[in-house]
Amino acid sequence: RSAGAAVARPAAAAGSDRPAAAAGSDAQHDEAAAKAALKAAEMEAKLAAMDPEKAAKVRAALAAKVVRDKQKKEA
């Protein structure tokens, strides 16, 4: 995961027609995406250790939260 983000940063900064601010923004976005992926992987590991029925309920609640957050963001 980190290696992919590290490769994307120099390519975006060096070979891009975008301003430096946009390249920096991409790097911040890559870092945020990596953190989110790590958090999701950690949560999935916790869910795997949980009772399957309870894990299904937690997954459903998390999915509903994503939908609510997306609707709030669009509003």
Report task. First locate atom CE of Met43, then atom NZ of Lys46, and finally report the distance between them rounded to the nearest 0.5 Å. Result -> 5.5 Å

Query raised in the report: Quick one: do Asp69 and Lys65 make a salt bridge, cutoff under 4.0 Å?
Result: yes

Query raised in the report: Under a 4.0 Å N-O cut-off, is there an ion pair linking Lys35 with Glu31?
Result: yes

Query - Gap separating the CE atom of Met50 from the NZ atom of Lys57, nearest 0.5 angstrom - result: 12.0 Å

